[in-house]
Amino acid sequence: MSTSPDLQLAELLETTLQETAFALFDPAQPGAVDEGPYVVATLALTEGHQTELRLYVPCGLAQELSCGVLGVDESTVEDAQHTVGELLNIMAGGWLATQPGATQVRTIDIPRLDTVTERPISSGAAATLWVNGLKAITLEAVKLGDSA
Amino acid sequence: MALRILIVDDSPVMRRVVRKTIELSGTAVSGIDECSNGSEALAFLEKQWVDVVLTDVHMPVMTGDELIRRMAANPLTRDVAIIVISSDRAKERVDELTRLGVRAYLTKPFRPEQLNALFTSITETAHVNVA
């Protein structure tokens with residue numbers, strides 16, 4: 001039985017954040033969710049076809065994750081952005097490892113970093129998890145088309 | 001033997017993580033330097049001997065693959081131990097870089113104990129550098 005892409009993304013999110021940023025997840029959806037602005041990291045992969053991975057993290061949570069990753073008490077906005085980019089980079093490697101042809105050399109682009117006020121509705125596979133009880137973090141994978 | 005180490009990664013956060021992991025590994029180091037891509041690293045290595053290069057693969061300007069190829073082709077740098085740190089787990093890439101002489105391939109995230117074991121192995125087999 002194969003695992004659905006949504007579930008694969010959820011496992012990837014949880015594992016990466018636990019191992020890298022020491023963040024704990026609340027499996028139940030809370031009543032209140034921290035809304036934007038979000039740090040968004042976007043990264044293109046070539047795995048026979050083009051896929052774009054996007055990671056949305058509320059700005060406040062991005063700074064918390066940055067502190068976890070760096071082992072410090074405070075972090076800057078720039079640290080937070082680069083942390084989200086690095087987390088997505090790690091997730092990209094994990095994503096490719098679960099896809100067909102995982103042993104072959106693929107292309108993982110360098111993450112693009114931005115801040116957005118709203119999280120658009122996903123057009124592909126997506127997973128949203130709650131971190132430290134309240135704050136939503138979303139990872140999505142959007143198939144863009146066949147690579148040449 | 002205290003190691004002189006060069007970290008090559010385009011992510012400033014990852015460079016700090018690697019530096020911190022080296023410190024937590026308990027390895028004796030004589031210095032840690034940082035470059036943000038392969039081209040910067042080659043220029044640095046022309047001026048400064050290091051015992052170990054810890055490099056990412058996917059970087060702008062010059063990738064880790066290219067850095068490793070150029071280091072292998074240069075008598076000045078071909079004996080420097082190279083450890084690749086990457087999120088890319090593709091076996092073909094690992095095999096290709098191993099053929100180029102990379103000492104180890106670590107996938108992110110990694111732990112201080114893993115680095116310590118690698119540094120110990122490098123120290124035990126290193127030649128003495130007389131500058």
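Small disclaimer: the values here were computed from a predicted structure and weren't measured. Sequence lines set the chain letters: A, B, ... in the order given, protein chains first and strands last, and positions in each chain run from 1.
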Next item on the list: Examine the side chains of B:Ser87 and A:Asn89 and answer whether a donor and an acceptor come within less than 3.5 Å of each other.
Entry: yes
Next item on the list: Go through the steps to decide whether A:Arg112 and A:Glu52 satisfy the test salt bridge (charged side-chain N to carboxylate O under 4.0 Å, His left out), and finish with yes or no.
Entry: CA-CA 11 Å; A:Arg112 303 191 306 276; A:Glu52 196 164 81; 3.5 Å; yes
Check: Heavy-atom distance under 4.5 Å to chain B: side chain of A:Ile110, backbone, both or neither?
Finding: side chain
Next item on the list: Could you tell me which of A:Thr83, A:Thr16, A:Asp109, A:Thr20 has the largest number of non-hydrogen atom pairs under 4.5 Å with chain B?
Entry: A:Thr83
Checklist line | Contacting moiety of B:Lys20, where chain A heavy atoms sit under 4.5 Å | finding: side chain
Next item on the list: Report yes if the side chains of B:Arg103 and B:Leu118 come closer than 4.5 Å at any heavy-atom pair, otherwise no.
Entry: no
Check: What part of B:Asp10 lies closer than 4.5 angstrom to a heavy atom of chain A: side chain, backbone, both or neither?
Finding: side chain
Note to self: Looking only at the side chains, is there a donor atom on one of B:His58 and B:Asp88 sitting less than 3.5 Å from an acceptor on the other?
What the structure shows: yes
